[in-house]
Number of protein chains: 2
Amino acid sequence: MPTTTAAQQRAEAKLSYNAFLEGCPSRQLLARISDKWVALILAALSDEGPGTEGGGEPRAMRYSELSRQLTGVSQKMLTQTLRALERDGLVIRTVTPTVPVTVTYELTELGVSLQQVMRGLKQWAEAHMDEVFVHRGDYDAREA
Amino acid sequence: MPTTTAAQQRAEAKLSYNAFLEGCPSRQLLARISDKWVALILAALSDEGPGTEGGGEPRAMRYSELSRQLTGVSQKMLTQTLRALERDGLVIRTVTPTVPVTVTYELTELGVSLQQVMRGLKQWAEAHMDEVFVHRGDYDAREA
DNA sequence: GGAGTTACGCACTTTGAGGTGCCTACTTCC
DNA sequence: GGAAGTAGGCACCTCAAAGTGCGTAACTCC
């Protein structure tokens with residue numbers, strides 16, 4: 001028997017996750033940005049493409065344009081992720097009934113503010129991830 | 001046939017993910033903090049418990065202590081996550097050969113600096129997630 | 001008149017993160 | 001001498017996120 005049974009843990013969780021677990025806004029935010037393509041879509045829509053080095057000016061993009069920039073994304077996941085972002089008020093979807101229908105996506109003000117935070121992550125990553133990789137190498141070398 | 005076949009996309013990805021996809025440090029960082037328990041462990045180790053409202057002073061904690069605070073975590077996941085964080089140089093594991101062996105975990109300097117960034121996320125969440133929830137409600141209401 | 005484009009929808013399948021249960025060695029307490 | 005606590009290891013299972021394939025409506029171009 002483990003220190004506490006699974007049933008006990010579940011029961012406790014139901015009572016005490018009120019402020020620190022599951023339902024709290026921070027967890028929800030993490031769940032959002034953890035989606036595989038969310039960060040990339042936000043980055044693309046704020047013009048942080050690979051070659052461009054844009055100043056981060058928010059920019060409207062077409063579905064096909066996004067699909068080209070996010071190399072490897074499936075059409076299903078792109079649509080699904082964009083819908084989720086639209087639902088959360090982070091992007092706006094605009095349909096223009098042209099010859100073949102044109103759909104553009106653009107960051108909202110809320111989306112832009114979130115992207116600012118994501119930049120903080122990016123900066124930390126650029127500053128410290130190499131250090132993390134060194135640690136990983138050392139750790140793995142010690143194991144072998 | 002979709003606009004590009006899956007095989008084509010894979011081939012392109014292999015050539016062009018150098019700076020914007022997969023291997024880039026930002027993605028790696030996201031993968032780390034997306035682990036279900038990472039954020040909570042970092043928070044606990046920097047004394048951001050639910051009732052305490054600690055000032056964020058980094059604090060060494062025992063395995064069992066963490067297990068109690070992170071309501072609902074399984075022993076396997078706690079061990080697994082702690083090992084990953086140790087491997088990345090974000091926490092230090094200290095074994096003291098007392099009566100029953102005592103193991104403590106503590107944030108490294110690197111871990112503390114990451115936790116700072118996580119606080120940025122937390123602050124955005126506290127400031128804007130309610131707005132997101134409103135958007136969700138509106139969106140869902142329109143659908144029905 | 002058939003091929004191509006845009007922006008998807010739908011159904012099926014796969015993959016891996018996470019969960020669960022069962023096990024340990026050592027010691028101390030009652 | 002059996003129960004309990006500490007810090008895990010190991011093997012199996014589940015389920016949801018992500019991927020794959022195929023279809024579509026409307027129109028246009030050649």
Can you get from B/Phe133 to A/Leu29 by hopping between Ile, Leu, Val, Met, Phe, Trp and Tyr side chains that sit under 4.5 Å apart?
yes
For B/Thr108 and B/Gly89, indicate whether the former's side chain and the latter's backbone hold a donor-acceptor pair under 3.5 Å.
yes
Using atom CG of A/Leu78 as one end and atom C1' of D/dT20 as the other, report the distance to the nearest whole Å.
16 Å
Is the phosphate of C/dA7 approached by A/Arg62 (side-chain N or O, under 4.0 Å from OP1 or OP2)?
yes
If only side-chain N and O atoms of A/Arg93 are considered, is one of them under 4.0 Å from the OP1 or OP2 phosphate oxygen of C/dC8?
yes
Among C/dC8, D/dT6, D/dG9, find the nucleotide with the atom closest to the side chain of B/Thr79.
D/dG9
Taking atom P of D/dC15 as reference, at what distance in whole Å does atom NZ of B/Lys36 sit?
14 Å
Find the distance A/Leu70:CG to D/dA18:C1' and express it as a whole number of Å.
15 Å
Interatomic distance, B/Gln80 CD vs D/dC10 P [rounded to whole Å]
12 Å
Is there a side-chain contact between B/Tyr105 and the phosphate of D/dG8, meaning an N or O under 4.0 Å from OP1 or OP2?
yes
Salt bridge check: are A/Asp138 and B/Arg87 linked by an N-O gap of less than 4.0 Å?
no
Atom-to-atom span, CH2 of A/Trp37 to C1' of D/dA17 - whole angstrom:
13 Å
B/Thr102 near the nucleic acid: base, sugar-phosphate alone, or nothing, with a heavy-atom cut-off under 4.0 Å?
sugar-phosphate
When you measure only distances, ignoring hydrogens and angles, does the side chain of A/Lys76 come within 3.5 Å of the base of D/dG19 through a donor and an acceptor?
yes
Please check if any side-chain donor atom of B/Thr104 sits under 3.5 Å from a side-chain acceptor atom of B/Tyr63, or the reverse.
no
B/Met77 CE to D/dA7 C1', straight-line distance once rounded to whole Å:
17 Å
Under 4.0 Å from OP1 or OP2 of C/dG18: is there any side-chain N or O of B/Ser74 that close?
no
Can you work out whether A/Thr98 or B/Tyr63 has the more 5'-proximal nearest nucleotide on DNA chain D?
B/Tyr63
Output yes when A/Arg59 and A/Glu65 qualify as a salt bridge under the 4.0 Å nitrogen-oxygen rule, no when they do not.
yes
Length of the line joining B/Met61:CE and D/dT6:C1', which is rounded to integer Å
15 Å
In whole Å, what is the span from the CG atom of A/Leu66 to the P atom of C/dA7?
10 Å
Taking only the side-chain heavy atoms of A/Arg83 (C-beta and beyond), determine which of C/dC8, C/dG19, D/dG8 contains the nearest atom.
C/dC8
